Chemist: 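Dumping the structure here so I can ask a few things about it.
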Amino acid sequence: RLALGILGNSADALDASQEALISAWRSLGSLRDSASFDPWLRQITVNAARMVARKRHVRDLYITHEVVESAGSGRSTTASIFDRAFDRLSVEQRAILLEHHLEGRSVVELANDLAIPLGTVKSRLHTARQALDRALREMDQ
């Protein structure tokens with residue numbers, strides 16, 4: 001779910017999830033505390049999604065595409081605009097917004113999982129929300 005939220009494409013999300021699980025399996029011996037497995041695996045998943053996003057970006061440089069709105073798609077124009085604005089965010093910004101708002105993780109949990117100060121989590125959330133707001137305003141113009 002995290003990979004899908006970051007990448008917005010099920011095929012890419014499956015690739016990232018598969019890469020994350022393989023990487024986790026190979027690195028399982030480096031996990032020092034089994035209680036920190038969930039945050040450890042989430043970070044591996046975010047990193048795998050980042051790599052897939054980089055590959056996709058390179059691939060997209062060679063492929064031009066148009067966003068075609070289909071009236072029969074069942075998706076509202078507002079949802080489509082949000083999706084396109086969300087795609088403009090960095091992987092890190094998408095990940096922290098998804099973890100907090102979709103997964104319902106508190107800022108304290110995020111700070112503990114990421115091993116960063118609480119203020120840093122709040123700052124990153126604020127920055128990600130501002131970037132999303134900016135992208136939405138640009139899409140509206």
Side-chain angles (χ1 to χ4, degrees), residues 1-31 33-141:
R1 195 164 108 167
L2 178 60
L4 179 59
I6 291 170
L7 296 166
N9 173 305
S10 24
D12 287 342
L14 287 172
D15 287 347
S17 297
Q18 183 177 16
E19 289 298 323
L21 290 174
I22 290 169
S23 179
W25 178 258
R26 289 180 178 157
S27 303
L28 198 54
S30 70
L31 179 64
D33 179 16
S34 62
S36 63
F37 179 80
D38 287 345
W40 178 75
L41 183 58
R42 272 194 296 278
Q43 188 58 50
I44 290 173
T45 303
V46 169
N47 290 339
R50 181 182 298 118
M51 293 307 294
V52 169
R54 284 183 189 149
K55 289 177 189 174
R56 182 176 65 187
H57 178 69
V58 169
R59 186 177 64 231
D60 288 347
L61 290 176
Y62 299 102
I63 301 171
T64 58
H65 63 280
E66 296 178 15
V67 177
V68 178
E69 296 296 329
S70 169
S73 69
R75 298 215 46 190
S76 71
T77 303
T78 303
S80 176
I81 290 170
F82 181 85
D83 289 346
R84 287 186 282 155
F86 193 73
D87 286 344
R88 291 182 174 190
L89 301 180
S90 71
V91 170
E92 291 78 13
Q93 290 171 332
R94 292 181 209 175
I96 199 157
L97 288 173
L98 289 168
E99 288 277 336
H100 184 64
H101 293 289
L102 185 65
E103 299 290 334
R105 303 185 57 72
S106 71
V107 290
V108 172
E109 289 174 314
L110 290 170
N112 289 335
D113 290 352
L114 298 172
I116 58 176
L118 185 63
T120 303
V121 172
K122 290 178 180 180
S123 174
R124 288 181 185 178
L125 274 169
H126 178 73
T127 302
R129 288 180 188 132
Q130 282 184 322
L132 181 59
D133 185 52
R134 232 181 352 267
L136 285 168
R137 278 188 267 123
E138 289 171 4
M139 298 298 292
D140 192 37
Q141 294 177 357

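A quick note: this is a predicted structure, and the numbers were derived from the prediction, not measured.
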Chemist: Determine the minimum heavy-atom distance between D12 and L7, stating which atoms define it.
Modeler: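 Closest heavy-atom pair between D12 and L7: O-CD1, 3.5 Å.
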Chemist: Tell me the closest heavy-atom pair linking L98 and F86, and the distance in Å.
Modeler: CG-CZ, 3.9 Å
Chemist: Mind checking the CG-OG spacing from L118 to S106? Nearest 0.5 Å is all I need.
Modeler: 8.5 Å
Chemist: Check the side chains of H100 and R124 for a donor-acceptor pair under 3.5 angstrom, ignoring hydrogens and angles.
Modeler: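 Looking only at side-chain atoms, H100 and R124 do not form any donor-acceptor pair under 3.5 Å.
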Chemist: Would you call E99 and E109 a side-chain contact if the rule is heavy atoms closer than 4.5 Å?
Modeler: no
Chemist: S123 side chain to G119 main-chain N or O, any donor-acceptor pair under 3.5 Å?
Modeler: no
Chemist: Only one of L89, L102, I6 passes side chain to side chain contact (heavy atoms under 4.5 Å, CB included) with L97; say which it is.
Modeler: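 Testing each of L89, L102, I6 against L97, the sole residue satisfying side chain to side chain contact (heavy atoms under 4.5 Å, CB included) is L89.
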Chemist: For A128 and I96, which heavy atoms make the closest approach, and how far apart are they?
Modeler: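 So the two residues come closest at CB-CG2, 4.1 Å.
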Chemist: Do L4 and S10 have side-chain heavy atoms sitting under 4.5 Å apart?
Modeler: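 Yes. Closest side-chain heavy atoms under 4.5 Å.
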Chemist: Just verifying a value: how many Å separate S23 OG and L28 CG, rounded to the nearest 0.5 Å?
Modeler: 10.5 Å
Chemist: Given side chains that start at C-beta, do those of E103 and R42 come closer than 4.5 Å, heavy atoms only?
Modeler: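 Of all side-chain heavy-atom pairs linking R42 with E103, none is under 4.5 Å.
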Chemist: Answer yes or no: is there an ion pair linking D133 with R137, defined by an N-O contact shorter than 4.0 Å?
Modeler: yes
Chemist: Rounded to the nearest 0.5 Å, how far does CZ of R88 lie from CG of L132?
Modeler: 11.0 Å
Chemist: Considering non-hydrogen atoms only, spot the tightest contact between V91 and A53 and give its length.
Modeler: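 Shortest heavy-atom separation between V91 and A53 comes out as CG2-CB, 4.0 Å.
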Chemist: Which residues pass the side-chain hydrogen bond (donor to acceptor under 3.5 Å, both in side chains) test with Q43, sequence neighbours left out?
Modeler: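 Partners of Q43 by the side-chain hydrogen bond (donor to acceptor under 3.5 Å, both in side chains) criterion, ordered by chain and then number, come out as N47.
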Chemist: Rounded to the nearest 0.5 Å, what's the gap from CD on Q93 to CG on L125? Could you check?
Modeler: 10.5 Å
Chemist: Please report the shortest heavy-atom distance between A3 and A16, naming the atom on each side.
Modeler: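 Distance-wise, the nearest heavy atoms are CB-CB, 4.1 Å.
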Chemist: When the ring planes of W40 and F37 are compared, do they come out parallel, tilted or perpendicular, using 30° and 60° as the limits?
Modeler: tilted
Chemist: Which residues pass the side-chain hydrogen bond (donor to acceptor under 3.5 Å, both in side chains) test with E92, sequence neighbours left out?
Modeler: R50
Chemist: For the side chain of S27 and the backbone of S30, is there at least one donor-acceptor N/O pair under 3.5 Å apart?
Modeler: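 No; judged by distance alone, with no hydrogens or angles, the pair does not exist.
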Chemist: Identify the heavy atoms of G5 and R94 that sit nearest to each other, and give their distance.
Modeler: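 Smallest interatomic distance, heavy atoms only, reads O-CD, 4.4 Å.
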Chemist: Check side-chain contact (heavy atoms from CB on, under 4.5 Å) between R26 and all other residues, then give those that pass, not counting sequence neighbours.
Modeler: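 For R26, the residues satisfying side-chain contact (heavy atoms from CB on, under 4.5 Å) (neighbours in sequence not counted) are I22.
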